Amino acid sequence: MIDLLQFKIGTMNGSEFERYIRRLLPKISHNFKNIKATYNYKGKETKGPVDLFSYKESTGSYVAVICTTQSEGVRKKLLSDIGSLRSEKCHIRDDIDEVIICVSSVVRTEEIEYREKCRECGWRAEIHSIDSLVYLTNEHPDIVDDLCAKEIQEIINRNKNNEILFMDDKANIQQEDIERTQRVRMYDCGERIKAIREELGISASRFIELTDFKSEKSLLSIENREHEASSTLIETICQKTGLSQRWIKHNEGYKYEIDSISTWGLDKLELIKSWKPKSLYFLINKESMSLLLLAHLHDLNWKTFSFSFTLDFWNWWGDEKYIPEIFDLLNRFSKDFTQCPYGRILEDQEYKEITSGNIHPSIFLKKTDTFSVNWFDDLQDIHHQYPISNNYEAWYGDWFVKVQSYFRKYEKKSEI
């Protein structure tokens, strides 16, 4: 379904894309309940400095929305569109406090230019490229139904004559990937499904509710290898638990994949924000100073991210220029989510266990010491303005105050 949504959104014309964005935004934030469009009564686009806009009653300000379906010259167009919001033709220009940019193609590192352009005008910027739009849309079945109605109906009609698929409702079909619409594959992986269910401590009856599967007996027959599991069931299990499809299908790679976040990882930050995670946990290996992020998305689905840098700045040689960027990135994680991330300080063996990719993040967290749960929040206090700052070294160790000293040193240096 993800690939199908990406195709549908990526091939929209300008008017279709604006109408789609106008429908999607109110579902992801109450700030868009008053959203208005600038296309005319015939549903065609009209020229103007803003495509969509919404009045925020709580602050008396406006959110301006810029949409584009261009595949070439996108950077030039968006920078021009942002500049147009300051023109006299934009009557809300003095009351804008946020700009949403929606693009039906991939946005790469040039997004920093869009943010800087908005920042110069005093506006907060949020950028949704096609990747984040697809994931946001997939969370709302009514929009998926309308965008992919024809393809979904074809799957329904085809599966009416194929009882072995163990699919009896449209909700399961909506989880199917477009690559499998022509042929649903079956996999002999029941023992791995059983192992994961038991590892998570879930009964068969609860497991079929979690995965919206039709029959407890059918599940048990799959686990006992009397029947094979459909790709649809596998995809749902992975979507609900965070499991790797490669592992469950082929017994290859990690059970739980580990993604990476670079020094300038704002693209991943925005993607994680679009998932609206229930909670975030920052884990640090106090020996190697390696950093991990665990994100709880929904149900038992967690994602693990490994940062491409370490915080042992005293061992760096020649890369100190990146320290301000790292502080800004970590600070954004602290400020851009409604709930401040929690923390854990790990011994080397614990770090090896979670990075092995063989243990579910929620199970791992239950095994760790919660004494250091606030270290990530306290790390932002580089000027020791918190009343508890005298306790930092005793609580967390000398590495903690050393990291803060480097953030403090290079923050000042970056401002010169």
Side-chain angles (χ1 to χ4, degrees), residues 5-25 28-29 31-32 35-40 43-54 61-137 262-271 273-274 321-322 324-325 328-329 332 336:
L5 285 173
Q6 190 158 14
F7 172 77
K8 288 287 189 175
I9 296 170
T11 55
M12 288 179 178
N13 62 38
S15 297
E16 290 174 328
F17 189 63
E18 283 189 26
R19 286 194 290 271
Y20 152 69
I21 293 297
R22 187 184 183 188
R23 183 178 178 187
L24 176 65
L25 290 181
I28 63 178
S29 173
N31 286 333
F32 298 100
I35 194 166
K36 295 180 175 62
T38 58
Y39 45 78
N40 62 26
K44 295 184 177 180
E45 299 170 275
T46 58
K47 293 183 178 180
V50 63
D51 298 313
L52 304 167
F53 61 96
S54 180
S61 57
Y62 283 90
V63 183
V65 183
I66 297 173
C67 304
T68 183
T69 56
Q70 284 188 199
S71 56
E72 297 182 1
V74 177
R75 174 182 170 275
K76 182 178 179 181
K77 180 183 186 305
L78 288 178
L79 290 174
S80 174
D81 287 349
I82 294 169
S84 296
L85 295 177
R86 294 298 300 164
S87 70
E88 293 182 358
K89 293 181 179 179
C90 184
H91 301 296
I92 63 172
R93 64 183 184 277
D94 294 330
D95 295 313
I96 295 173
D97 69 354
E98 185 175 4
V99 176
I100 308 296
I101 299 172
C102 298
V103 187
S104 65
S105 57
V106 176
V107 175
R108 304 190 189 279
T109 54
E110 68 272 14
E111 79 165 54
I112 189 62
E113 296 184 67
Y114 309 147
R115 295 184 186 282
E116 185 59 34
K117 185 80 171 178
C118 290
R119 193 178 296 118
E120 290 173 1
C121 300
W123 306 326
R124 178 181 179 273
E126 186 172 321
I127 300 167
H128 292 295
S129 63
I130 190 165
D131 291 332
S132 61
L133 290 173
V134 166
Y135 281 104
L136 288 171
T137 302
S262 65
T263 306
W264 192 252
L266 295 180
D267 55 337
K268 289 291 174 63
L269 182 145
E270 292 300 324
L271 180 59
K273 280 174 59 180
S274 73
K321 63 182 179 180
Y322 296 111
E325 293 181 4
D328 180 61
L329 175 64
R332 286 283 304 275
D336 284 13

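Just so it is clear, the model here is predicted, and its values are computed rather than measured.
Here the shortest heavy-atom pairing between Thr11 and Lys8 reads OG1-O, 3.3 Å. Between Thr69 and Ser104 the shortest heavy-atom distance is CA-OG, 3.1 Å. Closest non-hydrogen pair, Cys90 versus Ser84, comes out as CB-O, 4.0 Å. Closest heavy-atom contact between Met12 and Phe17: SD-CA, 3.8 Å. Between Val99 and Cys118, the shortest heavy-atom distance links the atoms CB-SG, 4.0 Å. Between Val65 and Phe32, the closest heavy-atom pair is CG2-CE2, 4.1 Å.
The backbone N or O of His128 lies less than 3.5 Å from no partner atom in the side chain of Ser132, so there is not a single donor-acceptor pair. Listed for the Glu325 side chain is no donor-acceptor partner under 3.5 Å among the backbone atoms of Tyr322.
Between the CG atom in Leu269 and the CZ atom in Arg332 there is a gap of 5.5 Å [rounded to 0.5 Å]. Note that the NZ atom of Lys76 and the CG atom of Leu78 stand 13.0 Å from one another [nearest 0.5 Å]. For the atom pair CG of Leu136 and SG of Cys102, the computed distance is 9.0 Å after rounding to the nearest 0.5 Å. One finds the OG1 atom of Thr68 at 9.5 Å from the CD atom of Glu18 (value rounded to the nearest 0.5 Å). Here Ile101 contributes atom CD1 and Asp81 contributes atom CG; the two are 8.5 Å apart, rounded to the nearest 0.5 Å.
A 4.5 Å side-chain heavy-atom check between Arg75 and Tyr114 finds at least one atom pair inside the cut-off. In this structure, Ile66 and Leu85 have side chains that are in contact, with non-hydrogen atoms separated by less than 4.5 Å. Taking the side chain as every heavy atom from C-beta outward, Cys67 and Leu52 approach each other to under 4.5 Å. Within the 4.5 Å cutoff, the side chain of Phe53 has no heavy atoms near those of the His91 side chain. You'll find the side chain of Tyr62 stays beyond 4.5 Å of the side chain of Val50, heavy atoms only. The closest side-chain heavy-atom distance from Ile96 to Cys121 is not below 4.5 Å. The side-chain heavy atoms of Glu126 and Ile100, taken from C-beta on, include a pair separated by under 4.5 Å. The side-chain heavy atoms of Asp131 and Gln6, taken from C-beta on, include a pair separated by under 4.5 Å.
For Asp97, the side-chain contact (heavy atoms from CB on, under 4.5 Å) criterion is met by Lys56, Thr59, Ser61, not counting sequence neighbours. The side-chain contact (heavy atoms from CB on, under 4.5 Å) test applied to Thr137 returns Leu5, Ile9, Tyr20, Leu24, Ile143, Val144, Leu147, not counting sequence neighbours. With sequence neighbours excluded, the residues that form a side-chain contact (heavy atoms from CB on, under 4.5 Å) with Ser105 are Val74, Val103.
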Practice problem: Output, in order, the C-alpha distance, side-chain angles, deciding distance and verdict of side-chain contact (heavy atoms from CB on, under 4.5 Å) for Asp94 and Arg86. | Solution: CA-CA 8 Å; Asp94 294 330; Arg86 294 298 300 164; 4.2 Å; yes
Practice problem: Give the C-alpha distance, both sets of side-chain angles, the deciding distance and a yes or no for salt bridge (charged side-chain N to carboxylate O under 4.0 Å, His left out) between Glu116 and Arg119. | Solution: CA-CA 5 Å; Glu116 185 59 34; Arg119 193 178 296 118; 2.5 Å; yes
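For Arg124, the CZ atom counts as densely surrounded, since its 6.0 Å shell holds more than 12 non-hydrogen atoms of other residues, nucleotides or ligands. Atom NZ of Lys321 has 12 or fewer neighbouring heavy atoms from other residues, nucleotides or ligands inside a 6.0 Å radius.
Ion pairing between a basic and an acidic side chain is recognised when a charged N comes within 4.0 Å of a carboxylate O; Arg115 and Glu270 show such pairing. Look at Lys117 and Glu120 and you find no salt bridge, because none of the NZ, NE, NH1 or NH2 atoms lies under 4.0 Å from a carboxylate O.
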